[in-house]
Amino acid sequence: MKRRSFVTKSSLAGLSSVLGIDIVYGALMPSGYTPLAYQDVNPFTLFKKDEAMVVLNDRPWNMEAQAHLLNDPVTPNKYMFIRNNGLIPETIDEKTWTLTINGESVKAYKTYTLQDLKTKFKHYTYQLTLECGGNGRSEFDPPAKGNQWTIGAVSCANWTGIRLKDLLTDVGLKDDAVYIGYHAADQHLSKNPNKEPISRGVPIAKAMQDETLIAFAMNGEPIPKVHGFPLRLVCGGWPASTSGKWLTGISVRNKVHDGEKMGGSSYRVPCETVAPGETVTDDQMCIIESMPVKSLITYPKSGALLTEGKMLKINGHAWAGELQVAKMEYSIDFGSSWNTANLDTPTNRLAWQSFSARVSFPKKGYYEIWARATDENGTKQPMVLPGWNPKGYLNNACHRIAVKVV
Ligand SMILES: Nc1nc2c(c(=O)[nH]1)N[C@H]1C(S)=C(S)[C@@H](COP(=O)(O)O)O[C@H]1N2
Ligand SMILES: [Mo]
């Protein structure tokens, strides 16, 4: 008879931490056995999300918001989308967590404990827009593979941490530094410990911006586990894939970082516009940097009913990657004519901007409200789908809601 083997201490701790309660006889559980409570885990309770959030995938976990859930000026955790490329780290110990800075372009490697980071450097808080490069993918035709995000893979929370530039200055960089790449504690789906699910980065100029943070808090609390506890890189305005969660290392590179999902067609678009469905070779693909100008109507929810003669107050947010949004407009006649909306200035650079307008309708009937943002360079959102690309990135088409006046 085969000898019964038991779960290891560390995987038991992992199971308990996900359940949020001690498994009393856990040490007696056969290895490989999945506790029942774990088999039908409820992602909304597990990640403290609102039940109106939409689950796109459970291995890895991916969840998006709906437009009307994003009405808050600062996105609370319950409405923040989740994008994972791999498996969330099972055991996280704040006391032993370290961040190592290495790579060709540091003078010497250096390792910091969480305590070092929190005590040696000044803290900053910024509200930062994080949008997945694939947000809006579901609309492309021919369709692109990957999570079929509609409009909900965007958030704008407050992030508190230290400036990456202060850390890199403390480490000491060589003159040939051109890029940084992050390393993290999540596991590849294959569970191969030598494979990283994702290891992306940004050019050194972006790394050195004031707002690029090594964050340990979100909205004034420790970062929720699924969003990168205990430490996360935050690069606002760029594809959120550059904001590494569960951060354990940063490599300072003397060339463009070549980590997982930096090459091929990952987070890249054709350098020149292509026809829908066209084959594009890897050498014709360019890395996405700043995200394009975009906006969302977050109030009312699409499908709203309005009594004839009443004005409708609409709200939303607009953002433009590295740029500020200069103008916000809406149309009730399918884009034939546009009216200006009120647009707030951002709390800080790289934060989204709220807009509002009071809309009146000439008579009973079906209408659509379309919203269009223009960035400080004069670039407007396209009314319908922008340039097709093989991976379905950067869909910044105007957001539209339906309204019935009765
Ligand atoms: N370590 C790690 N960091 C990561 C990812 C990941 O899978 N692992 N996903 C990236 C991608 S593609 C996105 S869009 C954002 C999503 O951040 P969120 O889940 O906190 O909303 O995290 C980025 N950082
Ligand atoms: Mo992403």
Side-chain angles (χ1 to χ4, degrees), residues 43 46-49 53-57 59-65 69-70 75-90 92 97 99 128-138 144-149 151-159 161 180-190 195-202 212-219 222-251 257 259-262 265-269 287-288 291 391-395:
L46 179 60
F47 302 124
K48 300 194 173 65
K49 299 294 176 185
M53 296 286 285
V54 181
V55 176
L56 300 185
N57 196 354
R59 198 176 187 276
W61 284 109
N62 287 292
M63 196 188 271
E64 74 169 334
L69 301 179
L70 293 170
T75 314
N77 175 51
K78 63 178 174 181
Y79 297 138
M80 182 178 278
F81 78 99
I82 299 172
R83 166 51 169 142
N84 291 329
N85 289 265
L87 306 169
I88 303 170
E90 281 182 4
I92 295 174
W97 194 273
L99 176 69
L128 298 166
T129 311
L130 292 185
E131 183 179 16
C132 180
N135 196 20
R137 174 177 291 135
S138 63
K145 281 199 204 107
N147 286 297
Q148 295 301 303
W149 303 110
I151 43 83
V154 62
S155 69
C156 197
N158 280 318
W159 294 93
I180 61 119
Y182 66 74
H183 302 285
D186 48 345
Q187 236 189 355
H188 194 270
L189 289 176
S190 67
K195 273 183 145 179
E196 297 185 277
I198 185 165
S199 168
R200 302 202 65 242
V202 292
T212 301
L213 296 180
I214 305 277
F216 38 75
M218 187 185 102
N219 295 338
I223 302 175
K225 186 172 178 184
V226 72
H227 296 295
F229 178 81
L231 204 62
R232 168 175 206 172
L233 178 63
V234 189
C235 304
W238 282 45
S241 54
T242 60
S243 293
K245 307 193 271 191
W246 312 292
L247 190 70
T248 55
I250 290 189
S251 302
H257 182 55
E260 191 59 33
K261 307 217 167 166
M262 280 301 294
S265 54
S266 296
Y267 303 101
R268 290 177 181 236
V269 288
I287 300 175
I288 302 169
M291 293 294 286
K391 284 290 191 84
Y393 295 123
L394 306 183
N395 176 3

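Counting starts at 1 for both ligands and their atoms, following the listed order.
The protein atom (non-hydrogen) at minimum distance from atom 2 (C) of ligand 1 is D186 OD2, 3.4 Å. Here the protein heavy atom with the shortest distance to atom 3 (N) of ligand 1 is K245 N, 2.9 Å. Given atom 15 (C) of ligand 1, the protein heavy atom at minimum distance is A240 O, 3.5 Å. Looking from atom 12 (S) of ligand 1 to the surrounding protein, the closest heavy atom is Y267 OH, 3.0 Å. Ranking the protein heavy atoms by distance from atom 10 (C) of ligand 1 puts S241 CA, 3.7 Å first. Protein heavy atom in closest approach to atom 21 (O) of ligand 1: F81 O, 2.7 Å. Atom 7 (O) of ligand 1 has as its closest protein heavy atom N85 N, 2.7 Å. Looking only at protein heavy atoms, the nearest one to atom 22 (O) of ligand 1 is R232 NH2, 3.3 Å.
The shortest heavy-atom distance from L130 to ligand 1 is not under 4.0 Å. Residue contacts with ligand 1 leave out S155, since none of its heavy atoms falls under 4.0 Å from the ligand. Using a 4.0 Å heavy-atom cutoff, P197 is absent from the residues neighbouring ligand 1.
The W246 neighbourhood of ligand 1 comprises atoms 1 (N), 2 (C), 8 (N), with distances under 4.0 Å to a heavy atom of that residue.
Once rounded to the nearest 0.5 Å, the distance linking CE of M218 with OG1 of T75 reads 8.5 Å. Distance CG/L69 to CE/M80: 13.5 Å, rounded to 0.5 Å.
Checked by atom type, the side-chain pair H257/S199 shows a donor-acceptor distance below 3.5 Å.
Heavy atoms from both the backbone and the side chain of C132 come within less than 4.0 Å of ligand 1.
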